[in-house]
Amino acid sequence: MPKHYRPAGKKKEGNAARYMTRSQALKHLQVNLNLFRRLCIVKGIFPREPKKKVKGNHHTYYHVKDIAFLMHEPLLEKFREIKTYQKKVKKAKAKKNEELARLLLTRQPTYKLDRLIRERYPTFIDALRDLDDCLTMVHLFAVLPASDRENLEVKRVHNCRRLTHEWQAYISRCHALRKVFVSVKGIYYQAELEGQKITWLTPHAIQQVFTNDVDFGVLLTFLEFYETLLAFINFKLYHSLNVKYPPILDSRLEALAADLYALSRYIDASSRGMAVEPKVDASSSSQSNDREESELRLAQLQHQLPSSEPGALMHLVADNNKEVEEDEETRVCKSLFKDLKFFLSREVPRESLLFVLPAFGGMVSWEGEGAPFKEDDESITHHIIDKPSAGHVYLSRVYVQPQWIYDCVNARIILPTEKYLVGRIPPPHLSPFVDNEAEGYVPDYAETIKRLQAAARNEVLPLPGVGKEDLEDPQNLLYAGVMSRAEEAEAAKNKKKMAAQEKQYHEELKMEITASKDVVAPMVTEDEESVPDAMQIAQENADMSTVLMSRKKRKLYEAMKIGQKKKKASVELIEQRKKKLNDAQS
Amino acid sequence: STEDGERESSEDEVDDDDGDESELVDGSDQGSEQQYEESDSSEDEVAPRNTVGDIPLDWYKDEKHIGYDITGKKIIKKEKPDKLESFLATSDDYKNLYKIYDEYNDEEVELTKKVRMFIHRMLKGEAPHADFDPHAPYVDWFEWVDARHPLSSAPEPKRRFLPSKSEAKMVAKLVRAIRKGLIKFDKPEEKPNVYNLWGDDSTSDQKTKQLTCIPPPKQKLPEEEKASYKLMPKEDQPKLIPQRFTTLRSIPAYVNALKESFDRCLDLYLCPRVRKKRINIDPESLKPKLPSRNDLRPYPDSCYLEYKGHTGKVTTISTDCYGQWIASGSTDGSVRIWEVETGRCLKIWQFDEAIKCVAWNPLSGLSILAVAMGRDLVILNTELDTDEEQEYIKELLHLGDVIEPKASVAAIARWLPDEKYGGIMIRHFKNVSSIDWHRKGDYLSTVMASGETRGVVIHQISKKLTQKPFKIRGLPVTALFHPSRSYLFIATRKNVRVYNLLKVDEPVKKLETGMREISSLAIHPGGDNLIVGSKEGKMCWFDMDLSSKPYKTLKNHPKDITNVVFHRSYPLFASSSEDSTAYLFHGKVYNDLKENPLIVPLEILRGHSTSSNGGGVLDCKFHPRQPWLFTAGADSNIKLYCH
């Protein structure tokens with residue numbers, strides 16, 4: 001309850017005054033639950049967790065200020081208007097006044113979400129930061145079948161598809177893609193835009209099924225917001241490239257469902273056109289907004305591109321000295337597949353590869369209409385195929401499985417193709433999102449990739465098993481030199497045993513000397529370190545400073561240590577299993 | 001005859017058709033009626049014989065006639081053939097099967113083949129005429145083009161030439177609506193629904209009225225399959241265990257895609273969000289930054305000498321003022337004096353009881369030793385000095401005529417000569433737990449742990465006098481003299497109280513340790529700092545200028561602390577514990593009052609046996625001049641740690 005509405009006898013402050021339950025909020029806003037939910041979703045309002053739950057544990061609590069924020073939302077009024085309007089239509093229909101109903105339906109009140117987007121994301125960076133869910137959802141709906149029952153229109157699905165393609169075309173054009181991971185759920189992509197890491201999931205290109213346990217109303221409300229958000233973001237991104245948005249696509253390519261390719265060509269053509277334009281015709285720049293004219297020019301420009309030209313992105317590589325400053329990583333990404341020509345077989349996931357390969361500077365074509373070059377092109381270097389065996393084999397190219405591309409992208413080097421050749425079981429597809437160093441366990445293949453990367457940088461990493469103590473990375477050693485460590489431990493044990501024997505001998509000697517007299521000969525005990533375990537002493541000396549920590553810090557430290565120990569134990573478990581497996585195999 | 005009938009019927013039909021056509025051509029509106037009548041007439045050509053009309057025939061049941069013919073004569077009923085005859089007739093002639101009896105006319109009628117076919121078709125539900133097409137295309141016979149003559153000769157009404165009022169009303173309404181702008185004819189100009197929302201400079205920092213929005217946590221990033229997942233207990237396993245597929249084409253569609261998306265949506269708008277601090281730092285960074293130990297040398301770090309000879313636990317040690325000798329007491333009842341540098345045992349005194357405490361007189365020329373055992377405090381002459389000094393000591397220790405003390409004091413302690421070793425014995429009323437010499441060597445404080453309010457007394461050796469300066473609150477544990485001023489620190493079980501010896505009434509200061517049970521106390525030679533050891537393994541450092549609360553509490557020992565001690569000149573202090581270790585600290589006190597004391601742990605000194613039956617280090621003392629530490633262990637050894 002806002003303060004100025006506080007009735008007599010209600011609390012002034014504290015949790016009771018600061019939070020209200022959901023039903024209280026509904027009553028206060030005079031809306032039903034459905035509308036409240038829509039408002040919350042669109043405004044990004046979520047329940048809070050008060051320290052003291054005044055009304056009980058099983059309630060959802062909203063902050064009073066949040067509810068007041070909803071209360072003053074113009075959209076609330078708009079929703080009410082729509083509701084009354086719907087009543088009018090219903091009434092007309094009930095009175096069999098079809099004409100009026102039709103007329104009313106043509107003039108329905110509509111609402112826009114742009115203000116809300118600005119409100120929720122005051123800066124562009126904010127919007128980028130929160131883009132993960134948006135992209136995942138829009139990508140999912142782009143592959144869903146339209147359904148009358150779920151109120152999912154064809155138009156909507158097409159819009160989603162268009163937005164995703166626009167987004168992918170931009171990412172690919174800017175070489176902002178960083179990581180790809182194919183998982184059971186779909187393909188994860190991670191891009192970096194303006195320093196923000198954006199991760200999204202696209203489903204596999206297989207027919208999706210509707211399940212009964214979801215409420216499409218909620219999903220569609222989210223989707224509505226996300227569509228708007230993505231459209232504005234795409235606009236901003238295209239604007240930064242000097243490309244007109246929404247893009248006008250080559251209808252031929254669009255018909256062939258090669259939207260992404262069409263888009264990339266469009267971006268290329270118009271960004272080049274824009275750059276050239278001022279020189280050609282400075283006076284007509286005022287009219288350049290004219291839609292028809294730009295369309296015409298676009299058509300011309302597209303015509304200028306040689307039809308055999310692939311991906312159109314290679315041009316950008318050539319004339320990018322005009323491009324704004326690029327960081328090191330973008331440069332690496334841009335030139336990863338440079339000078340390589342790929343051809344996609346029918347069975348490989350085309351959309352994904354058409355997105356990934358140009359993003360890393362490769363030229364792609366595919367089997368089918370509208371492809372930039374044909375299968376029998378002699379300059380093709382890699383043929384991506386996902387069949388047990390290739391039919392007709394060209395000797396000039398390598399036939400690899402699609403996983404090779406994803407692994408190359410993650411490793412940022414061109415991996416050797418032997419393991420990925422057609423018909424072979426490829427090496428494990430490792431997740432680029434796992435920090436092996438932090439996790440503690442480095443899989444074998446990750447180690448191999450690391451070596452290859454180092455080789456590519458002309459560095460020399462120590463071979464495993466040699467055991468170099470001076471290497472700064474102890475983790476590396478730990479896993480590389482398991483054998484040497486075991487040997488070391490044995491040696492240490494032997495040494496300790498020797499020392500113990502020596503000490504015993506000394507003691508016996510001493511006993512003999514001091515047997516008769518009380519006087520004790522001074523004994524130098526400089527080297528008696530093995531009485532309690534030498535390791536333990538070193539350990540405890542290191543822990544000396546824990547004595548000085550405050551209680552709180554000490555407890556925290558201990559808890560963290562326990563966590564580390566657990567992690568280490570799990571890693572050791574994996575190591576053990578691996579060792580056992582190796583033993584069993586050899 | 002059948003053939004004739006057929007011919008007739010076909011002729012009939014032809015006639016019918018002809019008639020129809022002719023009528024169609026005529027195009028009059030009476031055609032249909034005519035057609036109907038004609039078809040009727042064609043159906044029953046022969047008029048019925050009987051003229052009674054459509055009445056129930058029962059009425060003529062009992063009459064001889066069935067009705068009247070057209071001339072008005074009665075039609076007499078015919079004689080009915082009996083059943084047998086009629087049956088025989090049917091069996092003789094099959095045509096009789098097609099004969100039916102007409103009750104109305106009282107005659108037999110033979111059904112023609114045509115009629116039989118009609119019946120057949122009607123039974124099947126078809127039209128009776130064989131060549132009737134029920135689905136024939138409809139031919140419209142009416143000429144819809146303007147007729148030359150109107151159908152009605154009525155004059156056109158006037159209203160047809162006047163404008164409609166209701167329509168005028170409607171139009172007026174529309175016009176008004178158009179004028180008002182309610183109706184628009186040209187479609188509203190479509191504004192682009194996307195535009196540059198954020199502007200070119202995204203620095204515009206508009207402040208939202210909204211409550212701070214906690215961004216939702218990002219979804220977990222995927223991992224590859226780990227062999228260890230399967231070993232985990234069920235509840236620890238991740239929801240989706242990644243699975244390995246050897247080829248890309250073998251990956252099936254993910255069934256839960258929509259469901260997961262939906263769950264995420266629910267999380268986004270239904271889950272309360274709370275900002276939680278998660279510390280993601282290296283645990284090592286939590287440790288305080290300490291100066292290097294090498295910079296803080298010299299300090300004792302290794303065992304140099306062992307003094308062996310006691311047969312029981314060595315409970316207490318004490319060094320003389322130059323650090324040349326060290327005295328030790330043990331539970332076997334012996335007090336020994338050792339030469340520090342050689343480890344030679346110089347002297348042994350044997351008593352009946354376990355030695356509780358030994359203390360060397362701090363004066364340089366006065367090498368006497370106070371030994372506490374049981375209820376007795378014995379002051380021994382160590383005879384290590386020159387002859388001149390010996391004489392003085394002998395005189396000092398000669399118990400001449402003792403001044404009769406007050407009764408209250410006499411109940412606490414009595415001065416007796418020690419017959420065995422020629423010293424003084426002071427017998428207390430309770431067991432003595434600790435003793436301490438005043439810096440001037442004349443006064444000696446004694447603490448009796450179970451003495452309650454009378455637990456602390458001060459003896460003056462020169463006058464052979466005992467004083468009970470004050471009442472003690474709580475159970476006293478130890479008492480120490482201030483190193484430079486006339487204060488006495490008394491540690492009770494929970495607190496430390498500071499008394500002014502010159503103005504004995506109330507404690508000057510009360511230090512709250514917050515510990516369960518104090519076991520030992522040491523005062524910095526500066527006098528402003530002290531450390532307190534407790535039986536729970538904790539140590540408190542008090543800066544008396546700072547506060548009455550501990551400046552720092554260190555938890556270092558897992559077991560009871562037996563003793564804590566400061567070095568007289570080096571910035572060192574140490575604690576010994578029943579866990580057989582001694583901790584050595586650097587404890588620097590600055591003259592600048594603004595600067596807090598620096599405490600650095602230096603070394604853990606081990607060496608005493610860690611046998612389970614009450615092992616441990618029972619006492620520790622610093623060498624008065626060198627940075628050396630003596631420790632007395634329960635394993636009947638004394639160790640000297642040197643740098």
Side-chain angles (χ1 to χ4, degrees), chain A residues 40-41 46-49 63 65-66 69 114 117-119 122-124 130 132 137 140 181 183-185 188 203-204 206 208 211 213-214 218-219 222 231-232 235-236 239 347 386 402-403 425 428 430-431 433-434 518-520 522 525-526 540 544-545 547-548 553 557 560-561 570 573-574 577, chain B residues 194-198 202 206 208-211 213 215 218-219 221-224 226-228 231 242-244 246-249 251 253-255 257-259 261-262 264-265 268-274 283 286-288 290 302-303 305-309 343-345 554-556 599 601 604 606:
Chain A
C40 282
I41 290 171
F46 49 89
R48 308 271 171 165
E49 187 93 338
H63 200 282
K65 278 193 178 170
D66 278 338
F69 188 52
D114 47 354
I117 289 172
R118 186 69 202 265
E119 193 176 271
T123 62
F124 184 54
D130 213 8
D132 288 14
M137 184 107 162
L140 173 64
F181 180 59
S183 94
V184 181
K185 289 185 185 180
Y188 285 87
H204 289 296
I206 306 173
Q208 292 290 324
T211 42
D213 46 359
V214 299
V218 175
L219 279 176
F222 267 102
F232 277 109
F235 186 94
K236 171 88 180 162
H239 191 73
E347 69 281 352
D386 195 11
Q403 195 197 323
I425 291 177
L430 300 173
S431 169
F433 303 111
V434 178
D518 259 347
V519 178
V520 185
T525 48
E526 205 59 58
E540 281 189 14
M544 285 279 272
S545 51
V547 166
L548 279 181
K553 271 192 178 174
Y557 177 81
M560 283 171 126
K561 279 278 173 198
S570 71
L573 192 72
I574 300 178
R577 280 173 58 95
Chain B
V194 281
Y195 55 93
N196 199 350
L197 184 66
W198 286 280
S202 52
Q206 74 167 47
T208 55
K209 291 159 275 174
Q210 199 180 354
L211 214 60
C213 181
K218 302 229 166 186
Q219 280 196 305
L221 290 170
E223 294 180 349
E224 65 267 357
K226 293 267 169 62
S228 61
L231 293 176
Q243 204 181 340
R244 189 180 173 188
T246 48
T247 52
L248 192 56
R249 64 176 182 276
I251 301 178
Y254 186 56
V255 187
L258 257 181
K259 173 76 177 140
S261 185
F262 178 60
R264 173 70 179 171
C265 288
L268 285 179
Y269 89 94
L270 274 183
C271 272
R273 291 183 210 158
V274 180
L286 285 173
K287 289 180 176 175
L290 296 176
S302 53
C303 183
L305 257 185
E306 278 189 11
Y307 306 89
K308 287 191 174 176
R344 190 162 57 99
C345 180
L554 314 174
K555 164 101 180 99
N556 45 358
I599 301 171
I604 304 172
R606 291 160 211 281

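Keep in mind the model is a prediction, meaning the values are calculated, not measured. In what follows, chains carry the letters A, B, and so on, assigned in the order in which the sequence lines appear, proteins first and then strands, with residues in each chain numbered from 1. Hydrogens, waters and symmetry mates are skipped; everything else that's a heavy atom, side chains included, is used.
Contact detail for A/Met560 and B/Leu286: the closest heavy-atom pair is SD-CD1, 3.9 Å. Annotation for B/Tyr254 and A/Val184: closest pair CB-O, 3.7 Å, computed over non-hydrogen atoms. Here the closest heavy-atom approach between residue A/Phe232 and residue B/Val194 is recorded as CE2-CA, 3.8 Å. Here the shortest heavy-atom pairing between B/Ile251 and A/Ser183 reads CG2-O, 4.3 Å. Contact record, B/Asn196 with A/His239: ND2-CD2, 3.3 Å, taken as the closest heavy-atom pair. Minimum heavy-atom separation, B/Cys271 to A/Phe46: O-CB, 4.1 Å.
Both the backbone and the side chain of A/Lys553 have a heavy atom closer than 4.5 Å to some heavy atom of chain B. B/Pro222 touches chain A through backbone and side chain together, each having a heavy atom under 4.5 Å away. Heavy atoms of B/Lys218 lying under 4.5 Å from chain A belong exclusively to its side chain. For a residue to count as touching a neighbouring chain, one of its non-hydrogen atoms must lie under 4.5 Å from one of that chain's; by this rule B/Val274 touches chain A with the side chain only. Both the backbone and the side chain of A/Leu548 come within contact range of chain B, each with at least one heavy atom under 4.5 Å from a heavy atom of that chain. Contact annotation for A/Val218: only side-chain heavy atoms (C-beta onward) come within less than 4.5 Å of a heavy atom of chain B. For B/Arg264, the part lying under 4.5 angstrom from a heavy atom of chain A is the side chain only. With a 4.5 angstrom heavy-atom cutoff, A/Glu347 does not touch chain B via any of its atoms.
When each of B/Val255, B/Thr247, B/Leu268 is scored by its heavy-atom pairs under 4.5 Å with chain A, the top score falls to B/Leu268. Here B/Leu197 is the residue among B/Leu554, B/Asn556, B/Leu197 with the most heavy-atom pairs under 4.5 Å with chain A. With respect to chain B, the highest number of heavy-atom pairs below 4.5 Å among A/Thr211, A/Asp114, A/Asp130 belongs to A/Asp114.
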Practice prompt. Take B/Leu221 and A/Ser431 through the side-chain contact (heavy atoms from CB on, under 4.5 Å) test and state the conclusion after the steps.
Written response: CA-CA 9 Å; B/Leu221 290 170; A/Ser431 169; over 6 Å; no
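Within a 6.0 Å radius of CD1 in A/Ile206, other residues, nucleotides and ligands contribute more than 12 heavy atoms. Atom NZ of B/Lys555 has more than 12 heavy atoms from other residues, nucleotides or ligands within 6.0 Å.
Note that CG of A/Leu219 and SG of B/Cys265 are 5.0 Å apart. Values are rounded to the nearest 0.5 Å.
B/Gln219 places none of its side-chain heavy atoms less than 4.5 Å from the side chain of A/Asp132.
Judged purely by atom type and a 3.5 angstrom limit, A/Asp386 uses its side chain to pair as donor or acceptor with the backbone of B/Arg249.
Residues meeting the ring pair (Phe, Tyr, Trp, His ring centres under 6.0 Å) test with B/Phe262, sequence neighbours left out: none.
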